[in-house]
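In what follows, chains carry the letters A, B, and so on, assigned in the order in which the sequence lines appear, proteins first and then strands, with residues in each chain numbered from 1.
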Protein chains: 2
Amino acid sequence: MATRTLSVKSVIDAGAALAREKGLPALGVRALAARLKVTPMALYRHLPDGDALSSAVLDALLLELPVLPAAGKPLDQLRAWATDARAMLRTCGGLAHHLLLHWFELPRALEVVESLLGAAEQLGFKGFEAVAASNAVFTYVLMRVQLEESLRKANVLQRKLPALRGLPRLAKNAAEYRVARVDAHFEYGLNLLIEGLDRRS
Amino acid sequence: MATRTLSVKSVIDAGAALAREKGLPALGVRALAARLKVTPMALYRHLPDGDALSSAVLDALLLELPVLPAAGKPLDQLRAWATDARAMLRTCGGLAHHLLLHWFELPRALEVVESLLGAAEQLGFKGFEAVAASNAVFTYVLMRVQLEESLRKANVLQRKLPALRGLPRLAKNAAEYRVARVDAHFEYGLNLLIEGLDRRS
DNA sequence: ACCTGAACACCGTTCAAGT
DNA sequence: ACCTGAACACCGTTCAAGT
């Protein structure tokens, strides 16, 4: 058969490549059409609209979301997943946000939540508390990644602080605030979470 | 003197009213100009561009950010602030996001962080740990509000779950997932955080 | 069935002109 | 100094036409 120039798969694959290279905001209908050397309207044969394009691309990229390590103590599993998932989600802006909104529709994400729930149950949590505990870890990682993306995009990872008169504690710790220490704060917050879970278990 | 039709203040005030009524996305240059019965270009006399408009409006709205209650045990102060701040930030979409990016430039926010640091010091934290502890509470509240806004906007507070074959724990707790229980999860996550802080103090 | 081309609606914004 | 009006660049998208 004659190879048509486009297909749903080729559009999404090209979209994924574009998103990886230049970020999700660069994934526009016109931009992707130009990359495929095709008219913008050609894409509408294969996808309903621009949002469906972004959504399909993000779904595809999220197939690589890491799952829980099979072995280890529950709290160690949770900590390891948090670190792995954060690393993966940082590879392309918008992944964390999409996952926060659509995890319950994505097979891979459902698997992850299932195993987070498993860890929570091993810690002795049941019902709402098991859900809330696994949710706390899941959303913590995703929200943090989203925050880091926002800080980077807005160019406020490094800050010029104003005068701190009347704010002695901030002044004393000013060095800690001039650069957003996102790695250290991610880990500290994760530790608080884990210790909270440990105490309740 | 003749009352000019516009001024920086009148533009920002009208922008704040528009944002409160119809949300931040409705705060466009053209929309605000229409509300002020003026040409879009008239606004550029008073503000450099559309981003400056949003930013100034959000700065203005954030003057009402609550501060820490003066009295009480440190952990109770933190918990109370978290609840109050969440309530205020929910009044207009985009506030939490703006605060996450620009707190260090906003006098009121600096006051808040100063007093969060005070609570952390009362718990016995010093240096990086005091900063990280107060930051954990501060960002937790802001990130959660942002998440709730996203869920609302994307219309996924109520979900139609897919088949959960092979996912026994999700299936068992499906009722917990059909509606995003944002209030309960906010509180649970906050409790984990507070208990983590308590344990470390 | 698949793709093209011209056009429209909607942004923010620049530039030149009015008063 | 302040505001208007026309125009431009950039989106996504509809519609009619080509093959």
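Between A:Glu21 and A:Arg35 there is a salt bridge, since at least one side-chain N of the basic residue sits less than 4.0 Å from a carboxylate O of the acidic one.
The side chain of A:Tyr44 has D:dG12 as its nearest neighbour among C:dT13, D:dC3, D:dG12. For A:Ala42, counting side-chain heavy atoms from C-beta on, the closest listed nucleotide (C:dC3, C:dG12, D:dT4) is C:dC3. Listed candidates were C:dT13, D:dT4, C:dA7. Nearest to the side chain of B:Arg30 is C:dT13.
To the nearest angstrom, P of D:dT13 lies 11 Å from CG of A:Leu47. Computed from coordinates, the A:Leu32 CG to D:dC11 P distance equals 13 Å when rounded to whole Å. The distance from atom CE of A:Met41 to atom P of C:dC2 is 14 Å, rounded to the nearest whole Å. Atoms CG (A:Leu6) and C1' (C:dC3) sit 8 Å apart, rounded to a whole Å. Look at CG on A:Leu43: it is 13 Å from C1' on C:dT4, rounded to the nearest Å. A straight line from CG of A:Asp49 to C1' of D:dC11 spans 14 Å, rounded to a whole angstrom. Atom NZ of B:Lys37 is separated from atom P of D:dC3 by 16 Å (rounded to the nearest Å).
Both A:Arg45 and A:Pro40 lie close to DNA chain D; mapped to their nearest nucleotides by heavy-atom distance, the more 5′-ward contact belongs to A:Pro40.
Remark: the A:Arg200 side chain and the B:Asn191 side chain contain no N/O donor-acceptor pair separated by less than 3.5 Å. Looking only at atom types and distance, the side chain of B:His98 has a donor-acceptor partner in the side chain of B:Asp59 under 3.5 Å away.
Contact between the side-chain N/O atoms of A:Thr5 and the OP1/OP2 oxygens of C:dC3 is found at a separation under 4.0 Å. Distances shown here put a side-chain N or O of B:His46 below 4.0 Å from the OP1 or OP2 atom of D:dC3.
In this structure, B:Phe128 and A:His185 have tilted ring planes: the angle between them lies in the 30° to 60° band. A:Trp103 and B:Tyr177 have perpendicular rings, their planes meeting at more than 60° on a 0 to 90° scale where under 30° would count as parallel.
Across every strand in view, C:dC3 sits unpaired, with no contact that passes the Watson-Crick or G-U test at under 3.5 angstrom. With a cut-off of 3.5 Å on both Watson-Crick or G-U wobble distances, the partner of D:dC11 is given as none.
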